[in-house]
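Just so you know, these numbers use all the heavy atoms, side chains as well, and skip hydrogens, waters and symmetry mates. Numbering of ligands and ligand atoms starts at 1, following listing order. The shown structure was predicted, so the numbers you read here are calculated from the model rather than taken from an experiment.
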Amino acid sequence: MESGPKTREMFLRAKKAIPLGVNSNFRYWGDDFTLVVKNAQGGYLYDQDDKKYVDYRLGFGPVILGHNDPDVHERVIEAMQIGNAYAMTHPYEIECAEKIKAMTGVDLVRFANSGTEATMHAIRMARAYTGRDIVLKFEGCYHGFHDYTLWNCQPPIPGCGYRRNPVNVPQCSGIPSRISDLCISIPYNDEEILERKVKDNFGNIACIIVEPLMGNMASTMPKKGYLEFIRKICDEYGIVMIMDEVKTGFRIAKGGAQEYFGVKGDLVTYAKSMANGFPLAAIAGPTKIMGEIAYQQISHGGTYCGNVVATSAACATIDAIEAGALDKVNAHGKKLADGFKKILAEQSVPAIVQGPDSMPGIVFTDKDEVLEFRDWAEGDHGMYEEIISEMRQRGVMPDADSREPFFTCAAHTDEDADFTLNVFEDSLKAVLGK
Ligand SMILES: Cc1ncc(COP(=O)(O)O)c(C=O)c1O
């Protein structure tokens, strides 16, 4: 679907000032298709040509209550009366940390500004705490833009080697190849490979960083007992388990994946869904690790960490989540997922609809289940992209990248779900009829 004339004109203007016309490579969909937003309200997004979309990208997930939420904005405007960035402690960040402690059961919280920062700091904390350097991650998991984990996020197959011993492939140029020595990446959901790699690298692994469900791979779920197995291995070998809850935190349950799956990480990173789209992230964990953050022990900081705007937005967002906002988020997502399954079955299209209600993902595949990146990679992603393009044309906006799930928010209505399912059915039929 080509964008409208005003959107295109604005995009070409953006390209003259910003590489690719976007401020994150993931946002570029080609010169003819990349949108420039005019405004967003509730569950909807409008482009420069005033074309309306039901938004299931929600800024890659964070807008859990809906765009321009009046309560969040009111709280932010009120808070801004006292200023914003002092680089000193203020009541909003204390209140926000207390709310996170109460909702998730963690001991201590430190704020950052993005998921990338949060995972980078969590890895440093794990290294400092253990005195070891190696990070173990999983193929297909993404933990942000720092060099330590930008390996095998979406590697070429067979370029990333044999699955029992994957070859690390960097996400892009500019990542020093020597950093690869500090990263082991293995398939998700395979206990035997995990245990062997940990034994082979005995005493050298600082942390296992894991997306408790693969929010960057169409919401692929952990096998029953898999997160418990990682927990057990970390306990046995003195490894810090980092639950990267940047996508799942405060979305799939009030207490995030720790509550949803009943497994505790040692360190947890949060970002999206914390502040309804205002830039805020957190690293949280037990006093035994977080308490080591001290002058010249474990260093953490940042000029904007815990500013008034972001923390007051988070206070309002967490209040709404505590008051039950996730019920709506889940109900909408469940209606979508059930509808997708029914339509796909009626059209005899082999596919898996997976993940929790608030972030369902779709994989077009003949397989009975998707357990790891290499399963997912065998899916028909061209078909996915074609369907999403048809959906966008008809006014529904999931991300075109088949790794992204459909994110739902509390502002999505029942009518939006009906509309979306009709659009999905029409789009699927259009692609099948081609
Ligand atoms: C699991 C996970 N960790 C970390 C990040 C990085 O977060 P940010 O984009 O805020 O830097 C993301 C972003 O999508 C993510 O999904």
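Minimum interatomic distance between K137 and T149 (heavy atoms only, all atoms of both residues): CE-O, 3.3 Å. Residues I239 and D266 come closest through the heavy atom pair O-OD2, 3.5 Å.
Taking the ring axis of Y46 as reference, the NZ or CZ atom of K52 does not stay both within 45° of it and closer than 6.0 Å to the ring centre. Geometric assessment of R57 against the ring of F60 yields a positive cation-pi assignment under the 6.0 Å and 45° thresholds. At least one test fails for R403 against the ring of Y142: distance under 6.0 Å to the centre or angle within 45° of the axis.
Counting heavy atoms under 4.0 Å from ligand 1, residue F145 does not touch it at all. With a 4.0 Å heavy-atom cut-off, ligand 1 is reached by no atom of T269. Contacts of T116 with ligand 1, taken as heavy-atom pairs under 4.0 Å, involve both backbone and side chain.
Listed by number with element, the atoms of ligand 1 under 4.0 angstrom from any heavy atom of K247 are 16 (O). For ligand 1, the atoms closer than 4.0 angstrom to any heavy atom of G115 are 6 (C), 7 (O), 8 (P), 10 (O), 11 (O). Listed by number with element, the atoms of ligand 1 under 4.0 Å from a non-hydrogen atom of S114 are 10 (O), 11 (O). Taking every heavy atom of D244 and a limit of under 4.0 angstrom, the matching atoms of ligand 1 come to 1 (C), 2 (C), 3 (N), 4 (C).
No N or O atom of E211 sits closer than 3.5 Å to an N or O atom of ligand 1. Considering backbone and side-chain atoms together, K272 places an N or O closer than 3.5 Å to an N or O of ligand 1.
In this structure, F60 falls outside the shell of residues with a heavy atom less than 4.0 angstrom from ligand 1.
Closest to atom 16 (O) of ligand 1 among all protein heavy atoms lies N216 ND2, 2.9 Å.
Between H381 and W376, the ring planes lie tilted relative to each other; the angle falls in the 30° to 60° range. Using the six-membered ring where Trp is involved, H146 and Y148 have ring planes that are tilted, between 30° and 60° apart.
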